[in-house]
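These notes concern the structure reproduced below.
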Amino acid sequence: MQHLTPKEAYAFLKSHPEALFIDCRSEIEYWFVGHPVGAVHVAWVEAPHWTRNPHFEDQVRKLAGDGLHRPVVVICRSGNRSVAAGEALLAAGFTHVINVVHGFEGDLDEHHHRSSVNGWRFDGLPWEQG
């Protein structure tokens with residue numbers, strides 16, 4: 001699995017329009033916290049019990065459409081869930097999986113706040129809410 005910073009991932013997506021951009025956070029996070037423009041939501045784990053989505057790989061495979069060789073860029077809140085989701089995609093046969101390190105909201109700062117140290121939003125990359 002390749003690991004790119006948010007800015008690197010954004011540049012990759014711009015230069016590879018065929019890439020599939022997956023936001024693997026929960027539905028609540030995707031809609032109410034916001035999400036990168038162009039990202040498609042497929043939850044890795046879901047509330048209220050935070051259980052793994054048993055259909056994750058199949059849902060991504062369906063979105064990929066033209067095969068397992070299509071690049072898939074995966075983002076979550078901080079870059080942890082996207083690693084697990086990316087590993088599952090590789091195990092399912094996807095050949096080009098990219099994890100966005102620091103994710104959408106980034107790491108916690110000294111006050112336990114996100115989006116103030118690193119991440120997609122911190123880097124000022126395009127995102128939307130709702």
Side-chain angles (χ1 to χ4, degrees):
M1 182 179 341
Q2 189 176 359
H3 301 276
L4 298 178
T5 66
K7 288 181 179 178
E8 292 168 337
Y10 181 71
F12 178 86
L13 289 163
K14 293 299 259 181
S15 65
H16 294 83
E18 76 283 6
L20 179 59
F21 191 15
I22 299 293
D23 187 323
C24 72
R25 295 174 300 151
S26 70
E27 185 176 23
I28 293 167
E29 290 171 293
Y30 180 84
W31 290 113
F32 295 106
V33 177
H35 53 271
V37 171
V40 179
H41 177 252
V42 180
W44 172 245
V45 295
E46 194 58 83
H49 303 293
W50 300 105
T51 55
R52 186 198 185 290
N53 174 2
H55 308 290
F56 178 79
E57 295 92 322
D58 290 335
Q59 291 170 334
V60 174
R61 187 177 289 115
K62 184 176 180 178
L63 289 167
D66 57 357
L68 301 175
H69 301 294
R70 183 176 180 186
V72 179
V73 178
V74 186
I75 193 169
C76 66
R77 180 185 64 191
S78 61
N80 294 322
R81 282 177 278 178
S82 54
V83 168
E87 288 172 351
L89 292 174
L90 289 170
F94 284 86
T95 60
H96 192 181
V97 178
I98 298 167
N99 170 55
V100 181
V101 297
H102 309 302
F104 183 68
E105 294 182 72
D107 297 321
L108 293 169
D109 68 12
E110 66 276 5
H111 303 290
H112 299 284
H113 297 146
R114 294 193 186 273
S115 299
S116 62
V117 176
N118 51 29
W120 189 275
R121 286 197 317 190
F122 177 81
D123 286 342
L125 299 170
W127 66 281
E128 58 193 358
Q129 195 167 17

Looking at side-chain heavy atoms only, is the closest gap between [X] and [Y] below 4.5 Å?
X: L89; Y: V60; answer: yes
X: N53; Y: V45; answer: no
X: I22; Y: L63; answer: yes
X: D23; Y: V40; answer: no
X: P126; Y: Y10; answer: yes
X: E18; Y: P71; answer: yes

> Would F122 and W127 count as a close aromatic pair, with their ring centres under 6.0 Å?
Replying inline: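 So the answer is no for these two rings.
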> Taking the inter-plane angle between the rings of H41 and Y30 on a 0 to 90° scale, is it parallel (under 30°), tilted (30 to 60°) or perpendicular (over 60°)?
Replying inline: tilted
Co-membership, hydrophobic cluster, residues [X] and [Y], 4.5 Å side-chain:
X: V33; Y: W50; result: no
X: L13; Y: V74; result: no
X: F56; Y: L90; result: yes
X: V42; Y: F94; result: yes
X: V73; Y: L125; result: yes

Output yes when a side-chain donor or acceptor of [X] lies under 3.5 Å from a complementary backbone atom of [Y], and no otherwise.
X: R61; Y: A92; result: yes
X: R121; Y: F104; result: no
X: Q129; Y: F32; result: yes
X: E29; Y: S26; result: yes
X: R81; Y: C76; result: no

>> Check this for me, if you would: do E8 and K14 make a salt bridge, where the nitrogen-to-carboxylate-oxygen distance has to be below 4.0 angstrom?
In response: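 No, this pair does not count.
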>> Is it the case that atom CG in L108 sees more than 12 heavy atoms from other parts of the structure closer than 6.0 Å?
In response: yes
>> As a quick check of understanding, evaluate side-chain contact (heavy atoms from CB on, under 4.5 Å) for S78 and E105, giving each step before the final call.
In response: CA-CA 6 Å; S78 61; E105 294 182 72; over 6 Å; no
> Does a donor on one side chain and an acceptor on the other come within less than 3.5 Å for E128 and H35?
Replying inline: yes
>> Do N99 and H3 pair up side chain to side chain, a donor and an acceptor below 3.5 Å, judged on atom types alone?
In response: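 N99 vs H3: donor-acceptor pair found between side chains.
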If I take atom [atom1] from residue [X] and atom [atom2] from residue [Y], how far apart are they, to the nearest 0.5 angstrom?
X: H55; Y: R52; atom1: NE2; atom2: CZ; answer: 10.0 Å
X: I98; Y: L4; atom1: CD1; atom2: CG; answer: 5.0 Å
X: M1; Y: S82; atom1: CE; atom2: OG; answer: 8.0 Å
X: I28; Y: E46; atom1: CD1; atom2: CD; answer: 6.5 Å
X: T51; Y: W44; atom1: OG1; atom2: CH2; answer: 11.5 Å

> Where do T95 and H69 come nearest, in terms of heavy atoms and distance?
Replying inline: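 Residues T95 and H69, closest heavy atoms: OG1-ND1, 3.0 Å.
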> What pair of heavy atoms forms the shortest contact from H102 to P6, and how long is it?
Replying inline: CD2-CD, 4.3 Å
> After noting the C-alpha distance and the side-chain angles of H96 and F12, does the key distance pass the ring pair (Phe, Tyr, Trp, His ring centres under 6.0 Å) rule?
Replying inline: CA-CA 12 Å; H96 192 181; F12 178 86; 5.6 Å; yes
